[in-house]
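Structure first, then comments.
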Amino acid sequence: MKDETHGYCKDDRSKANGPTTASITGNRDVYADNNQELTLTCEPGTVRPGATYTWRKNSVKINGETQKTLTFTPTSTDNMAVISCVASNSQYPDITATGSATLNVYYSPTPPVVAGYNPPSFISEGDPLTLRCTVQDANPTPTLRWTGCSGMDADTNTPGTVGKSRTMASVQRVSNMATCSCIAEQTANNNWSARAAVNITVHFGPDSLSLAANDTNMVEFDHVSFTCSSTESNPKVNFTWHKNGGTESVGTVPVYSTTGRQNGGTFTEQTWIRQVSRNDRTLSCTTQNNRGLEVKKTMDLDIKYTPIKGPVITRYVNGSVKSEKTPIEQLQIKCTQSGGNPLPDMTLVCPSSTPATSKSASKATASATVSVQRNINNKKCTCTSTQTGTGWKQEASIMFVVHFGPDSLSLTVNSNTLVAGDTVVFTCTSEISNPPTSLAWLKNNTVISNTMPQVDTPGMYGGKTTTQKWSMQLSRDDDKKVIKCQTTNTLGPVSKTMDLDVEYGVYGTAVSLSPQETSEGVMRAHSGSYECRTQNKHNVETVPVDITVKYPPNVSVTYSNATENAAEVVITCFSSRNN
């Protein structure tokens, strides 16, 4: 009987032989990821009649596979599997030959897994971080590499698995928003690669704050914008504001702005617009970083504010009366300004003086020495306070009132020649005085009533000259009288006198005779009527005089017998006519 398959007769045993060897041919490398089909051929060498085949995998018979070729699609579990074929024939069933081949199945691993950090959680700056990348069940064993892991230490192998880890002893903000990728690669497996990535979120607080104002010249009641700016932080910060060391709410919705990113964080600003007052000494903005540590910035405020009141002048009451006297009185004028920021500058201007100024922490002072003399009457001391930066300016002033009397008077009459019977006008004028003086008139120290008005005329130093006239009719009795004009000023009387030389006509001419009847030069022949005439330029006056010259008679004596030792003498007396 002929075997149609092998071309020989089954019963032709003389020509039959069993397989002596067997081998498997075909590509043993296969890519499971591509579902690549694998065909293996069993080559038994020379065998008669034709061989029969049994295929085994890992010594386990593959049912239904009896052909010379084996075609199947390997999977990853077939890697390193031993495929064998057993060749035999019917003539020599006890003779078999076996060939085997070990499969090399390329397959990719499970995707890499990164452990150690689980987004969207975050890690705080300064904390340690270890990332582990693992892959399993792959042929060939993949290579692992990291990329994008800024700031992390070098790779280390992860024991017990295909993997590597990277460690960061202290996470820094530079790693924020970093994508740390683990890449698994199989060059022999059609350059297969896969990656696992983790996005790292690092929370970090600002290192510092800055605090600025939009106005360096802050004046009370101004609305000033204060801007607190943080350095980069993640997440952005909230601010708390403090005034004078206390906590004060901003009172309005905060205004945030992001000015840029560097490490994936936010530069945060908050602007607080507030009306400043003189009680504002410090302003602080505060936030906390991720470690709960306070970050604070404080600004010392220099709020300019005006004084509550203006300058005050002391040591002289405005308008009070001072009197000019000897020795000259010295007034110590002082002007003081308290309060305000900055403390105002002071200017003190007083008549005939050079002021001095000084400042302490809370008070400005200006002083001046003023001599009480008539030249300061109605003059002012003006103290001016001027504040830089606010435009505030106020003045205080005092007006001096100095009483001074006239130094002298003048007394004149309107006629060069005083003649009895004439009416003349006397004029008394005082030098300047304050207040105006009153004038009194006296004649021989007897007060004269004068109804004529006094006229005050403004003069120097705010004083006045006073003039009064007095009219009188002269009589001869006024000759040699003294007219006096005097002041009644409170600083003491000043007077002026005029001696009157009143001319008048001759009057009351009288003639008197000596009672002696005989006087030298008068003779009896002088008896008779005479006229006595007196005159001056004003008149002539005649007085008649009758003169009777009395004289004794002439007496003569005669005698007779006037001899020595005469017994008798006769004396005879004769007289002439007498008057």
> Just checking, is any N or O donor in the side chain of E503 or H538 under 3.5 Å from an acceptor N or O on the other one?
Replying inline: yes

> Residues two or more places apart in sequence or in another chain: which of them pass salt bridge (charged side-chain N to carboxylate O under 4.0 Å, His left out) with D207?
Replying inline: R173

> If you measure only the distance, is there a donor-acceptor pair under 3.5 Å linking the side chains of E294 and T286?
Replying inline: no

>> Between K243 and D280, does any NZ, NE, NH1 or NH2 come within less than 4.0 Å of an OD or OE carboxylate oxygen?
In response: yes

> Looking at residues at least two apart in the chain, or sitting in another chain, which of them share a salt bridge (charged side-chain N to carboxylate O under 4.0 Å, His left out) with K322?
Replying inline: E329

> Can you find a side-chain donor-acceptor pair between T466 and D456 that sits under 3.5 Å?
Replying inline: yes

>> If I compare all heavy atoms of P351 with all of V370, which pair ends up nearest, and what's the gap?
In response: O-CG1, 4.2 Å

> Who passes ring-ring contact (aromatic ring centres under 6.0 Å, His included) against Y461, sequence neighbours left out?
Replying inline: none

>> If you define the side chain from C-beta out and look only at heavy atoms, does anything of F400 sit under 4.5 Å from I333?
In response: yes

>> With a 3.5 Å distance limit and no angle check, can you tell me whether Q473 reaches the backbone of G421 through a side-chain donor-acceptor pair?
In response: yes

Only pairs under 3.5 Å count here: list side-chain donor-acceptor contacts from residues 379-389, not counting sequence neighbours, and write none if there are none.
unit_1 : atom_1 : unit_2 : atom_2 : d
T384   : OG1    : E395   : OE2    : 3.4
S385   : OG     : Q337   : OE1    : 2.9
Q387   : OE1    : T390   : OG1    : 2.6
Q387   : NE2    : Y305   : O      : 2.8
Q387   : NE2    : N341   : O      : 3.3
Q387   : NE2    : P342   : O      : 2.8

> Given L301, which of R278, R281, M218 fulfils the side-chain contact (heavy atoms from CB on, under 4.5 Å) condition?
Replying inline: M218

>> Going by side-chain contact (heavy atoms from CB on, under 4.5 Å), I483 matches just one of L500, L442, T497. Which one?
In response: L500

> Hey, are K484 and S495 close enough side-chain-wise for a donor-acceptor pair under 3.5 Å?
Replying inline: no

>> So, using salt bridge (charged side-chain N to carboxylate O under 4.0 Å, His left out) as the criterion, who are the partners of K359 when residues are at least two apart?
In response: D345

>> Among residues at least two apart in sequence or on other chains, which ones pass salt bridge (charged side-chain N to carboxylate O under 4.0 Å, His left out) with D478?
In response: K443

